[in-house]
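As the structure lists them, so they are numbered: ligands from 1, and atoms in each ligand from 1.
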Amino acid sequence: MQDKYDAKAVEQAVRRRWEERGAFAVKDDDPRPKYYSLCMWPYPSGDLHVGHLRNYSIGDVWARHKRMQGFNVLQPMGWDAFGKDAELKARKEGIHPAAWVESNTANMRRELRELGYMVDWSRELATCNPKYYRWEQHLFLRMWEKDLVYYSPTKVLWDKATGTVVARRDVDDGKVARQDVEVREFPAYQMRLRRYGEELLAGLAKIAWPEKIVKDQQYLIGRSEGMSIRFALEAPAAGLEEIEVYTTRPDTLMGVTYMAVHASHPLAAAAAERDPKIKEFCEQALQILPIDAGNADSEKNGVALDVRVLNPVSGEPVPVWVADYVIDDYGSGALMGVPAHDERDFSFARKYGIPIVRVNALPGADPAAPVEQAEVAKGVAVNSGPLDGLDLAGCVAKLEELLGPKGKARRDHNMSLRDWPINRQMYWGTPIPIIKCAKCGLVPVPDEDLPVELPLDVDFLKEGLASHPEFVNAKCPKCGADAQRECDTMDTFVNSAWYYARFACRDAADEMVAARAAPWLPCDHYFGGDEHAQGHLVYARFIHKVMRDLKILPPESGDEPFAALLCQGMVLGSDRKKMSKSQDNTVMAKDILERYGADTARMYIIGIGNPKDAYPWNEEHVRDHALFLEALWTLARERREQVAAGADAEPAAANGLALKRLQAAIDRNLKEQRFNNLVFGGIHSIRNLVRDNPEDAGLQHQGFAALLKTLNLIAPHVAEELWAGLGYEGLLIDASWWEPIAAAELQGDEQLYVVQVNGRKRDELTVAAGLGDEEVIAAARACANVARHLEGKQVAQAKVVRKPGGHGIVFFVAKG
Ligand code: ANZ
Ligand code: ZN
């Protein structure tokens, strides 16, 4: 052991030791039970930022702990290497995306290795490798065969500035300028996400995921129950005799004062042909994306058509409007307007002077009261003829009875989840294995021709793949005629929707997911950011189910890809704002890695706070951790002899008990994933205990062992070095965790009780452990300060509560 702690030297030496012993290699045939712990893989953007540092440090605490508990732990790493950023960067700076990605992954790989994460690097994957994306093309073809991916036009947001499709989120966040964006209709390859909607919803109950993510996914799926109701047209128009609407509030049917249809509805289209004003309105409305139309806050516009429909119960006519808040692909693209009880309808009706009729009131409320704002609370039907007095369920039953036999109403349900368009007009992505033939249409590439390789010599700066004749020109696999390859590539969310499965059989040459992956799947624990709640985490769950149904996954891989999930909070800038280039408040992992080394960086980021919450960066605290490790090093050096001498000794009873209690607290914090408490409550407290009892050799031996095992999860290099320096056997990374500590072991010879009278602490009391309640109560009553507060009163209740590992409490409730 060096005199002084030199983080860099220690870390290098220890990493070399791990490497020489192959400490991170994971074998499929290892007899220990398997555990698959995965962190979301990074996009190779240049260097690791401190958000990555946090994500991977948290994951490594968990993975290392599982290993010490006796599991064969798989913790792989790879690169989400395709994508827009690389391509845009390349266009701007003239570097090939492949070169950019390669130099970035080299950087980030080095940083990840330097951080000492327990990663089996032999399983590294990169999405831009043909050996990887070949299987994505395979999946696409299997889905194509089963109609799980289909080709049809869809509306997208098109960024005129970059000539690419953009996500609405990017527009909302201001990443893309609103004025550059227009709605375009594009032919799209769409995956049938909707078909799996029900299962995606039900599956949420089977996984241990954060509540917020579950809620976000439920919201995205947006399942609702209601009825489909048909309104007859007063006179047939545009070839239609009736219009169907979907409603979640059939109980408000008698309050319908208009109907609204989408601009693409046949009634609107027919009217547009006759009336240029309507035509102009429809053209504008068609520019609105479904996702924007549903936005409650946006201004709603419409034009009345010269058409009326009849209320199926009363026969009363109401006008039909075309309105821009109707979503074309939801329900039937038409809605019944009930301004009194729906907010969107209310503001629309107010704007255009459409009548507002109350048909619902809370029990006991005045049915004639005017409606000042949309009343959405569900009471009972009023002013509703045959529905009067019925609640929602009652109305549904009644309408089924009245209208069902005539085919005018039926129970129905709906989902707002949309299918997933996966093609992008980009070069840097997985080529879609389709050939376009003038005669045969879209023809899948035969399996034996996979992979369809992305050419690297393409002049992507100009026109992308379409400008590469050797790529584009192909023969139709069906008729042999000259044909063209599809030049769109896949959304990168497809790349990352199945990578967890491939890590488990990285080199499998003949299968996408080989049988040897079976014991690893599903992934036991996933770690990553919650910004993926409505993207990646939905797509991966969908693709897992698809691969299951297509028998690509080995049997018993489960219905869900990730059994448990932890979403770490953000690391904010020191100004408490979200880190961003424009705020100039970003910190990169290397800034602190270079200055302090990996262990300090990791210890800081774990100690920063509860893994689930966001915290600001604080340089001073980083330094504190460096100083702590330095002092720990010095202490360990000083105690080498005592540690050795204590190998066969037991700590003094009180010290042994104190240590056990700290270990039990560490176990509890690990179970609850409150890893920050391992630093201060755990490592610091054990350090204090051993430091303050130098004469207790048994404690030195056991205490340092427990401390280093805990430190191994967080600052593994220095922990490994001290482990060797203090003469413990083998590699620390291979050491096993302590046995679970039973509550009984935490009862010392003595037990401390706090005594409360009427909720206030009045005294403390130390008695022999193992006393019964009555004896403890008697002893507590005898405490001077307790006796004083009980004097002249009647004890109505006396109770003893024991806390394993902590102090107990004696409660008195006194009256009079
Ligand atoms: C009448 C009504 C009365 C409604 C009321 C709500 C409240 P969720 O819950 O999201 O499924 N709707 C139906 N089709 C639509 C479309 N294509 N575009 C826009 N809105 C549409 O929403 C179901 C409700 O959304 C339906 O119930 C309908 O308005 C509207 F007091 O019908 B409701
Ligand atoms: Zn053909």
*Sort out the contact shell of ligand 1: every protein residue with a heavy-atom distance below 4.0 Å, listed by chain and number.*
S224, Y246, T247, T248, R249, T252, Y325, V326, I327, Y330, G333, A334, L335, M336, V338, H341, D342, R344
*asked:* For W158 together with F186, are the ring centres under 6.0 Å from each other?
replied: yes
*Any idea how W321 and Y258 line up, ring-wise: parallel (<30°), tilted (30 to 60°), or perpendicular (>60°)?*
perpendicular
_Parallel, tilted or perpendicular, as decided by the 30° and 60° cut-offs, for the rings of F82 and W428_ = perpendicular
*Between the side chains of E136 and T430, is a donor N or O closer than 3.5 angstrom to an acceptor N or O?*
yes
*Verify the distance criterion only: is there a donor paired with an acceptor across the side chains of D419 and Y189 at less than 3.5 Å?*
no
*Heteroatom count (protein N, O or S) under 2.8 Å of the Zn ion (ligand 2)*: 4
*Listed by chain and number, what are the side-chain hydrogen bond (donor to acceptor under 3.5 Å, both in side chains) partners of D329, not counting sequence neighbours?*
R418
*Basic-acidic side-chain contact under 4.0 Å: D147, R195*: yes
*Steps toward salt bridge (Lys or Arg N to Asp or Glu O under 4.0 Å) verdict (E400, R410)*: CA-CA 6 Å; E400 240 184 345; R410 64 191 150 86; over 6 Å; no
*side chain to side chain donor-acceptor pair (under 3.5 Å) partners of residues 265-286, not counting sequence neighbours, each pair once*: none
